[in-house]
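Here the structure comes first, spelled out in structure tokens, and everything after it is commentary.
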Amino acid sequence: MEKEAAVQSLTDTLAKFTAYIGKRLPTDVKEKQAELRAKETNPMAIEIFDVMAENQDAADKLDRPSCQDTGVIQYFIQAGSSFPLLGELESILEGATRGATEIGPLRHNAVESFVEKNTGTNTGSKIPWLDWEILPGEDYAIIDVYMAGGGCTLPGASTVLMPGQGYEGVAEFVLDVMTSRGLNACPPLLVGVGVSTSAETAARLSKKAILKPVNARNANEQAALLEDLLTDGINDLGIGPQGLTGDNTVMGVNIESSARHPSTIGVAVSTGCWAHRRGQIKVNADLSYEIISHQDVQL
Amino acid sequence: MKKVLKTPISAQDLEDLKVGDVVYLDGTLVTCRDVAHRRLIEYGQELPVDIAGGAIFHAGPIVREKDDGSYEMVSIGPTTSMRMEKFEREFIEKTGVRLIIGKGGMGPETAAGCQEHKAVHAVFPGGCAVVAATKVEAIEGAEWKDLGMPETLWINRVKGFGPLIISIDTHGNNIFEINKKTYNERKSSVLEKISEQVKFIK
Ligand code: SF4
């Protein structure tokens with residue numbers, strides 16, 4: 001394929017995929033919600049779970065974005081160093097965002113800071129937001145698309161604790177987020193926690209944590225224990241779907257961590273709402289692709 | 001039986017409603033969020049729509065403009081109501097709005113406004129935007145379009161719009177404030193339980 005044609009073709013694929021994830025939830029998220037609905041005992045919560053399920057069916061049938069807030073588009077890229085369109089990927093993803101905005105249609109959610117004007121295209125300075133990781137020697141790329149809605153972005157928080165506050169301080173930080181802005185972020189939430197060296201490294205990891213499957217379990221036993229304790233602990237608060245009480249407040253808690261300075265514990269929380277619109281696609285060197293996050297997709 | 005409110009809504013219509021009740025709306029529902037509140041309260045601009053006895057929706061929808069210039073509601077769900085807390089008490093006083101629909105709770109100022117001027121705040125389940133869009137029969141107008149799609153005042157004719165869960169009633173009750181107390185009370189015992197098991201730094 002000529003390079004120009006290849007760029008066009010990948011832009012089209014990723015535009016369609018980006019629009020698609022606004023309409024249908026990832027398979028793991030859908031299954032999790034059905035599981036939580038089945039376990040729920042609170043009548044108000046059950047009614048809300050049922051409206052949510054009805055909404056996803058309607059979105060599917062009418063081929064429309066399931067939540068009106070289709071967010072700011074973010075791409076998390078793991079690109080092979082030999083991926084043939086590595087240098088073009090940034091402009092491809094910008095094109096994909098513009099394309100998805102028309103196909104969706106997606107709401108216009110990019111306001112240029114200080115200029116205070118909505119660009120009307122979902123693109124703007126550094127938007128779509130790109131996060132890069134290079135896979136040495138590989139020739140494929142794995143791209144996670146995420147729609148960062150306003151409500152689920154608002155609880156985002158990060159701070160640096162002193163080692164004396166320990167993991168107890170980490171737990172407290174997470175719980176405080178849940179009982180304040182977390183309530184309004186459309187629970188049941190997928191809660192991402194970053195434990196790292198500084199405010200921004202923890203923040204990035206907390207976001208990566210909500211891109212992992214809802215049932216992901218940290219490989220480190222102590223981290224996995226904290227995931228479980230936080231999941232049960234937050235559910236015990238009784239916040240419930242939409243913050244209107246119920247047994248199930250989270251779809252899961254995922255922790256990502258890095259090594260850190262001995263004098264600091266950077267901690268951050270990112271939340272994904274029940275309409276957790278993320279998608280993962282693997283693009284091979286010949287531009288054939290495989291959708292990992294959703295089953296039975298026709299783009 | 002489903003309880004249905006019809007616009008124009010009177011103070012009497014709301015008198016018996018309590019927090020936690022579920023109602024549906026028939027009539028006119030106008031989207032109204034951040035900048036519209038700011039224009040009215042901070043800049044003293046008149047709202048271009050009369051919403052006395054009416055209903056507003058804290059929402060920024062996706063709307064499709066058809067070839068004949070009319071509009072189709074694609075997706076419309078509530079946005080976080082708390083962002084309007086700063087303005088809502090005065091907003092209720094100035095406009096005479098009776099029903100405020102949004103997502104999540106609002107604070108003591110709005111609750112006071114609801115009690116003083118007989119209005120209620122209700123929650124429509126967030127993210128259920130297609131269900132909501134199917135309850136919009138027609139978009140009858142659009143004002144302040146200069147604000148862009150999410151902030152435009154979209155004037156909708158709705159039928160059976162809900163479920164709407166009353167979160168602030170006309171008697172000063174606020175379900176989120178009541179719940180928040182419970183959540184915060186439980187938090188300390190939850191934290192204690194977790195803390196015992198995560199003393200990893202030794
Ligand atoms: S928090 Fe999520 S589901 Fe709720 S309105 Fe925002 S984007 Fe939609």
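Residue numbers begin at 1 in each chain, while the letters A, B, ... track the order of the sequences.
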Heavy-atom contact with chain B under 4.5 Å, split by part of [X]:
{"X": "Asp176(A)", "result": "both"}
{"X": "Asp236(A)", "result": "both"}
{"X": "Met52(A)", "result": "both"}
{"X": "Ala275(A)", "result": "neither"}
{"X": "Leu244(A)", "result": "both"}
{"X": "Leu183(A)", "result": "side chain"}
{"X": "Leu62(A)", "result": "side chain"}

Enter the distance from [X]:[atom1] to [Y]:[atom2] here, rounded to the nearest 0.5 Å.
{"X": "Ser75(B)", "Y": "Asn55(A)", "atom1": "OG", "atom2": "CG", "value": "7.5 Å"}
{"X": "Leu106(A)", "Y": "Met149(B)", "atom1": "CG", "atom2": "CE", "value": "9.5 Å"}
{"X": "Ile62(B)", "Y": "Cys67(A)", "atom1": "CD1", "atom2": "SG", "value": "8.0 Å"}

So which residues of residues 77-84 of chain B are in contact with chain A at a heavy-atom cut-off of under 4.5 Å?
-> Gly77(B), Pro78(B), Thr80(B), Met82(B)
Can you check whether anything in residues 192-202 of chain B gets within less than 4.5 Å of chain A, heavy-atom wise, and list it by number?
-> Lys193(B), Ile194(B), Ser195(B), Gln197(B), Val198(B), Lys199(B), Phe200(B), Ile201(B)
Checking heavy atoms, do the side chain of [X], its backbone, both or neither come under 4.5 Å from chain A?
{"X": "Val63(B)", "result": "neither"}
{"X": "Leu147(B)", "result": "neither"}
{"X": "Pro61(B)", "result": "backbone"}

